[in-house]
Amino acid sequence: MANPADWERADRYISEAVLGHDAVLEEVSHRCVREGLPPIQVSQAYGRMLELFVRMCGARRVLEIGTLGGYSAICMARALPDGGKLVSLELSDKHAQVARSNVAFAGLADRVEIRVGPAMDSLAAMRTEAPFDLVFIDADKASNAEYFGWAVRLGRVGTAIIVDNIAKRGEIADPGATDEHAVGSRKVLEAMGREPRVRATAIQTVGSKGHDGFALAVVVA
Ligand code: SAH
Ligand code: DHB
Ligand code: MG
């Protein structure tokens, strides 16, 4: 079981055995393809994990950085209680429009707000909206360390922070990998390791999106 075709097959099996058919998320994926968005949203299994993290935290206020077509936002917003809210930050007006339409299709427009612009600018204006209970970071990888810093500042003790794509093809530990994805991932992982306010880990994954991983931190002080 050691090649990408096997990982993909196992992911399909997990979807069938554990997750079940999800007509809403399947339609959301189709709409993203039809609108020409890049196919880089989280997998169904990863989306379910995000949903479960929101449930495990009892989160009422969720912040997402990097919306794309709204797939991961929908996964997380589904787990919010009545009165809960998810704010998602997106650079591209086109992506935000597709995402808003998808969120409405999923029946979650009352609890999801998508803000367009460079996430760094939006974050700098969000202090009065803190604290968030959970933050999912999944935008431009070069800025991941800065986004992590903002997530800690906009959190409280107990806030969970998830960072996507920290192990793309294992390049984080390859000294020859100097692209912005690898550099950004190393920077955020080292920032997490140094930050005394969090306890953190990072987990590599294989599946329909190849070899990758996510980092998880909880604010403890
Ligand atoms: N979380 C989504 C996938 C996000 S893909 C999902 O799983 O469904 C990354 C997104 O980050 C893209 O839509 C891209 O336009 C956006 N992005 C890139 N740079 C950004 C920036 N500086 N600020 C905000 N969003 C950005
Ligand atoms: C890719 C995947 C992602 O989850 C992402 O956020 C950005 C890029 C990729 O596969 O290239
Ligand atoms: Mg990602």
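Note that ligands are numbered from 1 as they come in the structure, with each ligand's atoms numbered from 1 the same way. If you read the sequence from its start, that first residue is 1, and numbering goes on from there.
Here Lys209 has no heavy atoms under 4.0 Å from ligand 2, in either its backbone or its side chain. When non-hydrogen atoms are compared, ligand 2 lies under 4.0 Å from the side chain of Asp164 (C-beta onward) but not from its backbone. Within the 4.0 Å heavy-atom criterion, the part of Lys141 lying near ligand 2 is the side chain and not the backbone. Residue Leu37 does not touch ligand 1, judged by heavy-atom distances below 4.0 Å. Here Met120 has no heavy atoms under 4.0 Å from ligand 1, in either its backbone or its side chain.
Asp164 contributes OD2 as its N, O or S atom closest to the Mg ion (ligand 3).
Among the atoms of Asp212, no N, O or S atom falls under 2.8 Å of the Mg ion (ligand 3). The Mg ion (ligand 3) does not have Gln41 among its coordinating residues (no N/O/S atom, backbone or side chain, under 2.8 Å).
Not one N or O of Ser92 is nearer than 3.5 Å to an N or O of ligand 1, by distance alone. In terms of polar-atom proximity, Asp140 is counted as a contact of ligand 1, with an N or O under 3.5 Å from an N or O of the ligand. Polar contact check, Ile40 against ligand 2: a nitrogen or oxygen pair lies under 3.5 Å apart. Distances between N or O atoms of Lys168 and those of ligand 2 include at least one value under 3.5 Å.
Here is the list of ligand 1 atoms found below 4.0 Å of a heavy atom in Leu91: 19 (N), 20 (C), 21 (C), 23 (N), 24 (C), 25 (N), 26 (C). Interface atoms of ligand 1 facing Tyr147, defined by a heavy-atom separation under 4.0 Å, are 21 (C), 22 (N), 23 (N). Shown in contact with Glu64 at under 4.0 Å from a heavy atom are these atoms of ligand 1, numbered in order with element: 1 (N). Of all atoms in ligand 1, listed by their number and element, those nearer than 4.0 Å to a heavy atom of Leu68 are 2 (C), 3 (C), 4 (C), 5 (S), 13 (O).
The protein heavy atom nearest to atom 4 (O) of ligand 2 is Asn165 ND2, 2.7 Å. Protein heavy atom closest to atom 14 (C) of ligand 1, with residue, atom name and distance, is Glu90 OE2, 3.4 Å.
In this pair, His211 and Trp7 present their aromatic rings perpendicular. The plane angle is above 60°, beyond the 30 to 60° band.
For Arg61 (side chain) and Val87 (main-chain N/O), no donor-acceptor pair under 3.5 Å exists by modelled atom type.
Between the OD1 atom of Asn165 and the OD1 atom of Asp138, the angle centred on the Mg ion (ligand 3) amounts to 90° when rounded to 10°.
Between atom NZ of residue Lys141 and atom CG of residue Asn165 there is a gap of 4.0 Å, rounded to the nearest 0.5 Å.
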